[in-house]
Amino acid sequence: MSDSYSRNGDITPNGTANASNPSLVPNNGVPSVIRKKLMGYVGFANLPNQVHRKSVRKGFQFTAMVVGESGLGKSTLINTLFNTTLYPPKEPLPPAAERPKTVAIESIGADIEENGVRLHLTVVDTPGFGDFVNNDDSWKPIVENIESRFDSYLEQENRVNRLKVVDNRVHACLYFIQPTGHSLKEIDIEFMRRLHTKVNLIPVIAKADTMTEEEVADFKERILSDIAHHNIHIFQAPTYDNEDEETIAEAEEIASKIPFAVVGSDKVVVTPDGREVRGRAYPWGVVEVDNEEHCDFVKLRQMLVRTYMEELREHTNDILYENWRTEKLVSMGVAQDSTVFKEINPAARMQEERVLHEAKLAKMEAEMKMVFQQKVQEKEAKLKQSEEELYARHKEMKDALEKQRADLEEKKKKIESGRPITPDKATTGRRKGFLRT
Ligand SMILES: Nc1nc2c(ncn2[C@@H]2O[C@H](COP(=O)(O)OP(=O)(O)OP(=O)(O)O)[C@@H](O)[C@H]2O)c(=O)[nH]1
């Protein structure tokens, strides 16, 4: 079967491979992707359906946090977003003196189902935020709550049995900005600055029906410039290279509406032309929640629920939680083992190989030096020994000559004094040799 394919999967007329395939050109040693066309149905096109079936069976967990001053319409918007009365109608607020003096954190959980898909939704409310005379530390209990959720996840990850990990981490934080029409307040900036590395921030302009279209546009511009000025990172809908134009256009359109100017209402009203819509009725007309010309509610729902809920969960897990976890473990003195990354980082691997090679060369050089020194020492020792031997022989010969000279001196003296010279035993004695001949 494979004989009739080229490496890029094109079937050539004569059944041979297409050698001019650019995908085979080595790319700095990194193997290129080889594309294959199939001759028949294999079955992996069903993978998305498998994932879908499994996910539907398991259901989904999503935790959204709502932060903003009292009365900005947080509960109403959550009810409107998930089309349910998650928050029952509220009692009027007690007098200021009787209200708690700190920001409280309250969660409401609900299992909701749409077309057979189950979602366990948790909404974390933060009553009291921004409601005090001094709101300097309003962000603190919220950061602590987000971090304690990370802590609980880390603790579950570190357990021996990790089969039942419950993800209570906050996946998105809707931050409600008061529709003042000016720019961000100190408390807004402080909150976003403290939270943007820990949670996916989605800023919304509350009760946008209280402003005109132009006021909303100007306000958005000022908010965005404040956000950019303070280097605050807000969640952006991601786009991928291989996505179709429609998806990219949708992501761009959603991004263009941030901060979302929203209107919330869980009531159905009748429009002048007789339609029943979710909205707010005014003497001058009806503001429709689900009408994109009236507000950005639809785009917010698209971002939070319809299109990017999974991206929000993924970004929380892969980036925000991962960064927090790294910082936490480093602060606890747990060091990162860099060798873990050597397989996935070719540059680091090459560097490591170079260091090893250099070390090997240095070792060889040291060994050669040692052998050389040893040989020199041996040669020196031999030379010294033969020098000593020569010296000894020289001394011996010198002594012998001295003795000979002394003997001759004595003979000479005797001759001069007229005494007969006693022949030397060695020279006068009869030699056996003479007698025999
Ligand atoms: N004009 C207008 N009013 C709204 C909007 N959303 C909610 N409201 C009204 O504002 C009031 C407060 O709304 P809530 O949803 O209770 O506000 P909240 O932010 O949850 O208030 P707290 O629970 O006190 O923090 C209610 O009377 C709502 O009907 C909106 O988009 N526009």
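All residue numbers refer to positions in the sequence shown, counting from 1. Both counts, for ligands and for their atoms, begin at 1 and track the order of listing.
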Proximity winner for [atom], if only heavy atoms of [options] are counted:
atom	options	answer
atom 20 (O) of ligand 1	Gly73, Ser75, Gly68	Ser75
atom 6 (N) of ligand 1	Gly279, Ser265, Gly71, Gly264	Gly264
atom 19 (O) of ligand 1	Lys74, Glu106, Lys267	Lys74

Inset, instruction - Report, in ascending order of atom number, the atoms of ligand 1 lying under 4.0 Å from any heavy atom of Ser70. - result: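 Answer for ligand 1: 24 (O), 25 (O).
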Legend entry - Where ligand 1 meets Tyr282 - atom numbers and elements under 4.0 angstrom, heavy-atom basis: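 The list of qualifying atoms is 1 (N).
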Inset, instruction - Apply salt bridge (charged side-chain N to carboxylate O under 4.0 Å, His left out) to Arg393 and list each qualifying residue two or more places apart in sequence or on a separate chain. - result: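 Per chain and number, Arg393 pairs via salt bridge (charged side-chain N to carboxylate O under 4.0 Å, His left out) with no residue.
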Inset, instruction - Answer yes or no: is there an ion pair linking Glu292 with Lys257, defined by an N-O contact shorter than 4.0 Å? - result: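 Lys257 and Glu292: not salt-bridged.
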Inset, instruction - May I ask you to check if ligand 1 and Asp125 share an N or O to N or O distance below 3.5 Å? - result: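 So ligand 1 has no N or O lying under 3.5 Å from an N or O of Asp125.
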Inset, instruction - Return a yes/no value for Val263: is any of its N or O atoms, backbone included, closer than 3.5 angstrom to an N or O of ligand 1? - result: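 No, there is no polar N/O contact under 3.5 Å.
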Legend entry - Pro127 touching ligand 1 at heavy-atom level, < 4.0 angstrom: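 No; Pro127 lies far enough from ligand 1 that no heavy-atom distance drops under 4.0 Å.
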Legend entry - For Arg222, side chain to side chain donor-acceptor pair (under 3.5 Å) partners two or more places apart: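 Not a single residue meets the side chain to side chain donor-acceptor pair (under 3.5 Å) criterion with Arg222.
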Legend entry - Donor-acceptor contact present, side-chain Arg278 to main-chain Thr80, <3.5 Å: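 Such a contact is found between Arg278 side chain and Thr80 backbone.
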Legend entry - Flag side-chain contact, heavy atom, 4.5 Å: Asp290 against Arg301: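 Side chain of Asp290 against side chain of Arg301, heavy atoms only: contact under 4.5 Å found.
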Inset, instruction - State, with a plain yes or no, whether a side-chain heavy atom of Leu174 is found less than 4.5 Å away from one of Leu304. - result: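 In contact.
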